Amino acid sequence: MSCLGMKKTREHQHFEGISDKYQSAADTWSMMYDLIQERLDQIVKGRDVLDVGNGGKFSYDTRLPRRIIAMDISPAMMKCITDPGIEKLVGDARNMNIVADASVDIIVFQLVLHHIHGASLSESIDTLDSILRSSFQKLRPGGSLVIIEGLLSKSAYRIQASLFQLTLWILGRFGVSMIFFYNLSLFKKHVKSVFRVSDDDFEVVPLRLTGRIDPLGGSFPGLIKIPARLHPLNFTLLIIKKPC
Ligand SMILES: C[S@@+](CC[C@H](N)C(=O)[O-])C[C@H]1O[C@@H](n2cnc3c(N)ncnc32)[C@H](O)[C@@H]1O
């Protein structure tokens with residue numbers, strides 16, 4: 001496992017702390033992971049995959065890709081990966097210099113980007129832009145960027161954005177790491193400008209969850225369950241192709 005001399009951020013500490021519980025908490029979202037796998041198995045076959053913020057959770061059959069690099073800021077989150085064929089890389093999505101340019105076919109960000117933010121809203125958007133630029137550099141021509149996120153409606157996003165500093169402050173007071181969700185048009189705007197693609201180059205797959213789900217993402221499994229249709233986040237899989 002490679003390791004950079006990284007300073008521990010609050011997110012890093014948060015995931016180190018929950019790593020033992022994460023896999024069982026994530027199981028409460030098995031319906032979503034299954035829906036993702038239905039699509040991802042089709043595109044990872046025979047390809048070189050960089051899975052950023054992997055957290056030991058693969059939404060594709062790990063026997064299919066030619067190569068898998070699981071990258072995470074937290075080594076503890078990857079300790080459940082025991083397959084010696086999977087390369088583990090400890091690194092921060094905000095600095096992907098450890099990965100060679102034009103060296104992978106698929107980059108996956110599954111439920112990661114809402115954990116990566118800056119000290120302000122504009123810094124967070126700049127961070128998103130810089131991650132998209134690095135992804136563009138690391139992908140081979142014709143490769144695909146895969147983003148799986150819970151997305152907000154435009155109005156809910158505006159409310160969340162207006163409360164950015166307050167949320168950051170309150171969560172900080174409780175020692176909890178910040179989360180910040182995007183909306184589809186914001187993602188499209190930024191990806192389009194970095195990847196120089198049009199709306200037609202986006203594959204948008206809504207991950208339609210049914211039944212009752214844990215709105216807290218398994219943080220307190222089983223304690224609270226709400227009908228999936230009432231969840232404020234629209235879980236979505238985005239696939240964007242880097243032009244050849
Ligand atoms: C909610 S978990 C998602 C894990 C897995 N991808 C999944 O779908 O279940 C977020 C993961 O992103 C990692 N992470 C958070 N910030 C990161 C960063 N800046 N760079 C790389 N990984 C990061 C965490 O350590 C954690 O493993």
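All values reported here derive from a predicted model rather than from experimental measurement. Order of appearance sets the numbers: ligands from 1, and atoms from 1 within every ligand.
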Considering the heavy atoms of [X], write down every atom of ligand 1 situated less than 4.0 Å from one of them.
| X | value |
| --- | --- |
| A93 | 18 (C), 19 (N), 20 (N), 21 (C) |
| G91 | 20 (N), 21 (C) |
| K57 | 5 (C), 7 (C), 9 (O) |
| H115 | 1 (C), 10 (C) |
| M77 | 25 (O), 26 (C), 27 (O) |
| S74 | 25 (O) |

For [atom], which candidate among [options] provides the closest heavy atom?
| atom | options | result |
| --- | --- | --- |
| atom 5 (C) of ligand 1 | D92, V112, N54 | N54 |
| atom 17 (C) of ligand 1 | I179, V90, I73 | I73 |
| atom 16 (N) of ligand 1 | I36, I148, L113, I116 | I116 |

CZ (R67) with more than 12 external heavy atoms under 6.0 Å: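 Open: at most 12 neighbouring heavy atoms sit under 6.0 Å from CZ of R67.
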Where P65 and V49 come nearest, the two heavy atoms and their spacing: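 Looking at all heavy atoms of both residues, the shortest contact is CB-CG2, 3.8 Å.
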Nearest non-hydrogen partners of K241 and G142, listed with the distance: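 Taking K241 first and G142 second, the nearest heavy atoms are CE-O, 3.5 Å.
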Worked check of ring pair (Phe, Tyr, Trp, His ring centres under 6.0 Å) between H114 and F181: CA-CA 5 Å; H114 61 272; F181 294 97; 4.7 Å; yes
Chi angles and distances behind the side-chain contact (heavy atoms from CB on, under 4.5 Å) call for K45, Y60: CA-CA 9 Å; K45 195 163 179 220; Y60 44 86; over 6 Å; no
Per-residue contact class, D51 against ligand 1 - non-hydrogen pairs under 4.0 Å: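 Contact part for D51 vs ligand 1: neither.
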Region of R94 that comes within reach of ligand 1 [heavy atoms, distance under 4.0 Å]: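 R94 to ligand 1: side-chain contact only, backbone stays beyond 4.0 Å.
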Any S130 side-chain heavy atom under 4.5 Å of R133 side chain: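 A side-chain contact exists here, since the closest heavy-atom pair is under 4.5 Å.
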For [atom], closest protein heavy-atom neighbour:
| atom | value |
| --- | --- |
| atom 3 (C) of ligand 1 | Y22 OH, 3.3 Å |
| atom 8 (O) of ligand 1 | Q110 NE2, 2.7 Å |
| atom 25 (O) of ligand 1 | D72 OD1, 2.5 Å |
| atom 11 (C) of ligand 1 | G53 O, 3.5 Å |

Any donor-acceptor N or O pair under 3.5 Å, side chains S59, Q110: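 Note: S59 and Q110 side chains meet the donor-acceptor criterion.
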Side chains of S185 and N183, donor plus acceptor under 3.5 Å: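 The answer is yes; a qualifying pair exists.
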K57 to Y33 six-membered ring, cation-pi geometry met (6.0 Å, 45°):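 The answer is yes, since K57 meets both limits relative to Y33.
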Residues D48, R66: salt bridge by 4.0 Å N-O rule: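 Salt bridge between D48 and R66, a charged N being under 4.0 Å from a carboxylate O: yes.
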Proximity of F15 and H115 rings by center, below 6.0 Å: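 Between F15 and H115, the centre distance is under 6.0 Å.
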Whether Y33 lies under 4.0 Å from ligand 1, heavy atom: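 So Y33 counts as touching ligand 1.
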Whether G56 lies under 4.0 Å from ligand 1, heavy atom: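 The answer is no, since G56 has no heavy atom less than 4.0 Å from ligand 1.
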